[in-house]
A.B. asks: 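Could you have a look at this structure, given as structure tokens, before my questions?
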Amino acid sequence: MTTQLSTQQATAASSGRSATEVFRKKAKAGGDTSTDRVSALVSELLAAVHGIVREHKLTYAEYDALKSWLIQVGADGEWPLFLDVFVEHEVERVANENRQGSKGTIEGPYYVPGAPVLGSDATLPMRDGEPGTPLLFAGQVRDGSGAPIGGARIEIWHADDGGFYSQFAPAIPEWNLRGTVIADDEGRFRIRTIQPAPYQIPTDGATGKLIAAAGWHAWRPAHLHLKVSAEGYELITTQLYFRGCEHVDSDIASAVKPELILDPAPAAGGNEVTYDFVLDPAS
Ligand code: MBD
Ligand code: FE
């Protein structure tokens with residue numbers, strides 16, 4: 001259960017500001033996009049907008065509402081959240097369409113590099129009496145021929161039993177439910193954690209207000225985030241979901257794929273599930 005205090009304090013402004021700061025640290029503006037490509041991409045985006053204006057006879061009141069909303073997305077620090085929820089899934093599909101190994105999906109706004117390094121038989125950092133159903137998540141990392149990849153890195157991060165991420169909601173220890181697990185010589189890992197709760201887009205920020213105005217729901221199904229990597233292989237960014245869990249068929253971020261749904265089995269003292277990763281050779 002989440003306390004009333006942390007529910008009230010996990011505001012759009014607190015999570016959005018952190019997500020914007022984290023993104024600025026990793027992003028290099030500009031990249032290597034040529035002038036021609038910038039011109040083509042921006043022209044087509046604007047032409048699509050103009051087409052919608054004509055087709056729906058957009059009013060000045062609606063145009064002003066759009067302007068206010070765009071200004072508010074920035075003020076709330078919600079560009080990472082908005083874009084990762086509504087756009088990243090298509091970028092990920094295109095980027096990984098030729099992948100042979102395990103499926104990936106979107107990264108989302110709440111990854112932080114540098115989580116504590118743990119051995120192959122790991123318990124994620126968590127608070128005394130961390131609420132939630134215990135989960136043992138185990139598996140093996142292999143290449144396309146089935147050979148184990150010893151020493152593979154499994155970075156894992158996920159929300160707590162209230163749906164909150166450490167570093168993006170107040171009063172949670174810095175690396176809570178985040179770790180960098182190093183697989184053993186046979187590529188195997190065992191990770192003890194708790195099952196995350198579904199994630200609700202903050203209702204007090206620009207993204208949540210848009211969702212409410214459109215009459216949509218604001219939920220992502222419960223999920224584990226992972227980055228799996230090894231020297232000489234392509235890194236996979238992925239998420240795993242839980243069969244039968246709420247919103248698994250209606251993710252607001254459109255990031256669920258059938259291959260990414262786990263079937264945990266009840267065991268003594270919690271749930272257990274296995275999942276193996278297959279990495280492509282580095283290109
Ligand atoms: C999340 O937890 C998430 O994973 C994504 C993609 C967007 C918003 C919140
Ligand atoms: Fe998430």
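All ligand and atom numbering here is 1-based and tracks the order in the structure.
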A.B. asks: Atom 6 (C) of ligand 1: which protein heavy atom is closest, and how many Å away?
C.D. replies: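 The answer is Ile106 CD1, 3.3 Å.
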A.B. asks: Which ligand 1 atoms, with their elements, are less than 4.0 angstrom from a heavy-atom of Val85?
C.D. replies: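 Close to Val85: 7 (C), 8 (C).
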A.B. asks: Of Leu224, Asp251, Leu81, Asp84, which has the heavy atom at the shortest distance from atom 8 (C) of ligand 1?
C.D. replies: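 Among Leu224, Asp251, Leu81, Asp84, the closest heavy atom to atom 8 (C) of ligand 1 comes from Leu81.
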A.B. asks: How are the rings of Trp69 and Trp79 set relative to one another: parallel (under 30°), tilted (30 to 60°) or perpendicular (over 60°)?
C.D. replies: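 Geometry flag for Trp79 against Trp69: perpendicular rings.
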A.B. asks: Between Phe189 and Phe137, how do the two ring planes meet: parallel, tilted or perpendicular, split at 30° and 60°?
C.D. replies: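 Because their plane-to-plane angle lies in the 30° to 60° range, the rings of Phe189 and Phe137 count as tilted.
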A.B. asks: In terms of heavy-atom contacts, does CZ of Arg243 have more than 12 from other residues, nucleotides or ligands at under 6.0 Å?
C.D. replies: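 Enclosed.
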A.B. asks: Considering only non-hydrogen protein atoms, determine which one is nearest to atom 2 (O) of ligand 1 and report residue, atom name and distance to 0.1 Å.
C.D. replies: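 That would be Tyr165 OH, 2.9 Å.
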A.B. asks: Between Tyr60 and Tyr63, how do the two ring planes meet: parallel, tilted or perpendicular, split at 30° and 60°?
C.D. replies: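 Ring orientation, 0 to 90° scale: perpendicular.
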A.B. asks: Answer with yes or no whether His225 contacts ligand 1, where contact means a heavy atom under 4.0 Å from a ligand atom.
C.D. replies: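 Judged by the 4.0 Å heavy-atom criterion, His225 does count as contacting ligand 1.
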A.B. asks: Ligand 1 and His223, any nitrogen or oxygen pair closer than 3.5 angstrom?
C.D. replies: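 Looking only at distances, the answer is yes, because the N/O contact criterion of under 3.5 Å is met.
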A.B. asks: Would a distance-only check, ignoring hydrogens and angles, find a side-chain to backbone donor-acceptor pair under 3.5 Å from His223 to Pro221?
C.D. replies: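 Yes, the answer is positive, given that a donor and an acceptor are paired below the 3.5 Å cut-off.
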A.B. asks: Among all protein heavy atoms in this structure, tell me which lies nearest to atom 3 (C) of ligand 1, with the distance rounded to 0.1 Å.
C.D. replies: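 The closest one turns out to be Arg220 NH1, 3.4 Å.
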A.B. asks: Identify, for atom 7 (C) of ligand 1, the protein heavy atom at the shortest distance, and state residue, atom and that distance.
C.D. replies: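 Here the closest protein heavy atom is Pro109 CD, 3.4 Å.
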A.B. asks: May I ask you to determine how many protein N/O/S atoms are under 2.8 Å from the Fe ion (ligand 2)?
C.D. replies: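 Count of protein N, O, S atoms less than 2.8 Å from the Fe ion (ligand 2): 3.
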A.B. asks: Nearest 0.5 Å, please: how far is CD in Glu88 from OG in Ser254?
C.D. replies: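 Spacing of OG (Ser254) from CD (Glu88) equals 11.5 Å.
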A.B. asks: Provide, to 0.1 Å, the distance between atom 9 (C) of ligand 1 and the closest protein heavy atom, together with that atom's residue and name.
C.D. replies: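 The closest heavy atom on the protein side is Tyr199 CE2, 3.2 Å.
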A.B. asks: Applying side chain to side chain contact (heavy atoms under 4.5 Å, CB included) between Val273 and each of Leu224, Asp263, Leu240, Leu135, report the one that passes.
C.D. replies: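 Checked Leu224, Asp263, Leu240, Leu135 against Val273; only one passes side chain to side chain contact (heavy atoms under 4.5 Å, CB included): Leu135.
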A.B. asks: Measure centre to centre between the rings of Trp219 and Tyr199, then say whether the value is under 6.0 Å.
C.D. replies: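 Distance test on ring centres: not under 6.0 Å, no.
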